There are 2 protein chains.
Amino acid sequence: MEELKNILKMHNISPSLHRLKILEYIHRPYTHSTADEIFQALEKDIPTLSKTTVYNTLKTFEKNGIISALSIFENETRYEFKKQEHAHFKCEKCGEIFDIAHPFDFLKETELEGHFIKNQLIYLKGICRNCLQKTENA
Amino acid sequence: MEELKNILKMHNISPSLHRLKILEYIHRPYTHSTADEIFQALEKDIPTLSKTTVYNTLKTFEKNGIISALSIFENETRYEFKKQEHAHFKCEKCGEIFDIAHPFDFLKETELEGHFIKNQLIYLKGICRNCLQKTENA
DNA sequence: TTACATGTTTGCAATCATTACAAATTTATA
DNA sequence: TATAAATTTGTAATGATTGCAAACATGTAA
Ligand SMILES: [Mn+2]
Ligand SMILES: [Mn+2]
Ligand SMILES: [Zn+2]
Ligand SMILES: [Zn+2]
């Protein structure tokens with residue numbers, strides 16, 4: 001909890017209760033949560049929480065570089081605690097999202113067909129290892 | 001126009017006027033259009049056109065493999081005529097979207113961390129060659 | 001040619017994620 | 001304590017997309 005407080009402070013965000021709780025939720029490993037998911041998870045503990053606060057807070061966190069927004073998944077923005085660059089894999093069967101160690105050469109800050117590339121986003125789809133195994137055993 | 005008709009027939013879609021017009025629009029090179037863009041462009045010629053028809057038609061085309069939907073760009077789905085796999089680059093300055101010859105090894109139908117990859121989607125951001133040149137000359 | 005079945009298009013209402021905004025509440029500061 | 005600043009809330013608005021039933025068009029069998 002102190003660690004989370006420090007993360008906020010280091011990014012010039014005052015550590016209010018709601019912000020801490022939202023950060024705590026999104027700081028767990030492998031979260032790729034929507035605003036709504038976060039809201040639903042936290043409203044049990046904080047019955048007064050408003051969804052607008054969740055949206056506001058996520059926007060603040062993103063602007064200050066604490067979290068990343070993924071627009072990759074149709075219709076809904078998902079958020080994750082910022083960490084080393086990685087690709088995303090989504091299983092077509094179970095819908096689960098996996099982080100994947102970067103399978104490509106690093107392109108950032110290079111040039112391609114005359115364009116200067118600042119950022120790369122890689123999204124993979126298929127059948128995850130769990131679902132593959134279930135099929136095998138069937 | 002005959003070519004377009006054949007594309008529809010080959011995909012078991014009867015070539016109604018509206019479908020042909022929508023296909024004609026999206027068949028032009030380098031379109032990455034939203035449903036609304038297509039609607040606005042065509043309503044001049046076809047004043048009776050309804051936006052629902054555009055949505056319906058795009059859905060039909062996608063289901064039958066004529067076009068691809070790109071969910072990459074925040075909030076809005078963009079469509080393009082299906083062609084050889086390629087990456088997308090969006091300029092942060094002017095907003096233009098470019099097709100990029102695939103800069104990565106082909107991953108489809110391979111395995112990664114135990115998952116079976118069917119599809120890859122690559123999205124790059126940065127400053128496009130046009131905007132770079134403008135900056136140079138300034 | 002008529003009558004019915006089928007396919008296509010329309011128009012409008014509903015949904016869902018997100019944002020705008022102003023009021024209420026909390027916290028910090030003089 | 002009084003006042004200013006920051007945070008949070010609740011509700012209304014927006015924008016993309018879908019659901020749905022009615023209207024329209026087309027094809028086909030009698
Ligand atoms: Mn991730
Ligand atoms: Mn393209
Ligand atoms: Zn799975
Ligand atoms: Zn540009």
Side-chain angles (χ1 to χ4, degrees), chain A residues 4-5 8-9 11-26 32-64 66-80 95 97, chain B residues 4-5 7-9 11-26 32-64 66-80 95:
Chain A
L4 298 178
K5 242 179 216 174
L8 288 180
K9 283 180 190 161
H11 288 84
N12 295 310
I13 300 171
S14 62
S16 75
L17 171 72
H18 291 179
R19 286 174 177 162
L20 274 169
K21 283 294 190 181
I22 292 171
L23 181 58
E24 183 184 32
Y25 187 85
I26 212 171
H32 299 93
S33 325
T34 61
D36 193 65
E37 262 171 55
I38 297 170
F39 172 71
Q40 289 196 28
L42 296 184
E43 94 182 310
K44 291 161 200 156
D45 284 335
I46 319 172
T48 65
L49 181 66
S50 134
K51 201 182 269 189
T52 306
T53 298
V54 176
Y55 275 107
N56 289 341
T57 303
L58 290 172
K59 193 139 278 186
T60 305
F61 285 180
E62 197 202 344
K63 199 167 293 170
N64 292 54
I66 299 183
I67 63 176
S68 325
L70 310 174
S71 306
I72 278 172
F73 309 99
E74 48 280 309
N75 295 325
E76 50 189 13
T77 307
R78 290 181 173 272
Y79 296 90
E80 68 178 342
I97 297 162
Chain B
L4 299 178
K5 240 179 218 174
I7 293 174
L8 288 181
K9 283 180 190 158
H11 288 84
N12 295 311
I13 301 171
S14 62
S16 75
L17 171 73
H18 291 178
R19 287 175 177 161
L20 273 168
K21 283 294 189 180
I22 292 171
L23 181 58
E24 183 184 31
Y25 187 86
I26 211 172
H32 299 92
S33 324
T34 62
D36 193 64
E37 261 171 56
I38 297 170
F39 172 71
Q40 289 196 28
L42 297 184
E43 96 183 307
K44 291 161 200 156
D45 285 335
I46 319 172
T48 64
L49 181 67
S50 131
K51 200 182 270 189
T52 306
T53 298
V54 176
Y55 275 107
N56 289 341
T57 304
L58 290 172
K59 194 139 279 189
T60 305
F61 285 0
E62 198 202 344
K63 199 168 293 173
N64 292 54
I66 298 182
I67 63 176
S68 326
L70 309 174
S71 305
I72 278 172
F73 310 99
E74 49 281 306
N75 294 326
E76 50 189 13
T77 307
R78 289 179 174 273
Y79 296 89
E80 67 179 341

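Convention: sequence-line order gives letters A, B, ...; per-chain numbering from 1. Heavy-atom basis, side chains included; hydrogens, waters and symmetry copies ignored. Fair warning: this is a prediction, and the values are worked out from it, not measured in the lab.
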Using a heavy-atom cut-off of 4.0 Å across all strands, would you classify B:N56 as base, sugar-phosphate, or nothing?
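If one applies the 4.0 Å heavy-atom cut-off, B:N56 turns out to touch a base.
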Assign B:T34 to base, sugar-phosphate, or nothing according to its heavy-atom contacts below 4.0 angstrom with the strands shown.
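The answer is nothing, as B:T34 stays clear of every strand by at least 4.0 Å.
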Separation of [N] [atom2] from [X] [atom1] (nearest whole Å):
X: B:E76; N: D:dT18; atom1: CD; atom2: P; value: 14 Å
X: B:K51; N: D:dG15; atom1: NZ; atom2: P; value: 10 Å
X: B:E43; N: C:dG11; atom1: CD; atom2: P; value: 11 Å
X: A:F39; N: D:dT9; atom1: CZ; atom2: C1'; value: 11 Å
X: B:R19; N: C:dT10; atom1: CZ; atom2: C1'; value: 14 Å
X: B:L17; N: D:dC24; atom1: CG; atom2: P; value: 17 Å
X: A:N12; N: D:dT7; atom1: CG; atom2: P; value: 11 Å
X: A:L8; N: D:dA6; atom1: CG; atom2: C1'; value: 15 Å

base_contact_polar (D:dT11 base, A:T52 side chain, donor-acceptor, <3.5 Å)
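Result: at least one qualifying N/O pair found.
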Considering all heavy atoms of both residues, which atom of [X] and which atom of [Y] are nearest to each other, and what is their separation?
X: B:S50; Y: B:F39; result: C-CE1, 3.8 Å
X: B:A35; Y: B:V54; result: O-CG1, 3.6 Å
X: B:I22; Y: B:T53; result: CD1-O, 4.4 Å

Which is more 5' along DNA chain C, the nucleotide nearest B:T48 or the one nearest A:A35? Just name the residue.
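Nearer the 5' end of the strand: B:T48.
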Are any of [X]'s side-chain N or O atoms less than 4.0 Å away from OP1 or OP2 of [N]?
X: A:T53; N: D:dT9; result: yes
X: B:S14; N: D:dT26; result: no
X: A:H18; N: C:dT26; result: no
X: A:Y55; N: C:dT19; result: no
X: A:T77; N: C:dT18; result: yes

Could you go through A:I46 and A:K21, starting from their C-alpha distance and side-chain angles, then the distance that decides it, and tell me whether this counts as side chain to side chain contact (heavy atoms under 4.5 Å, CB included)?
CA-CA 9 Å; A:I46 319 172; A:K21 283 294 190 181; 3.6 Å; yes
With no hydrogens and no angle check, is any side-chain donor or acceptor of A:R19 less than 3.5 Å from a backbone partner on A:S14?
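The answer is yes, because a donor-acceptor pair under 3.5 Å joins these two groups.
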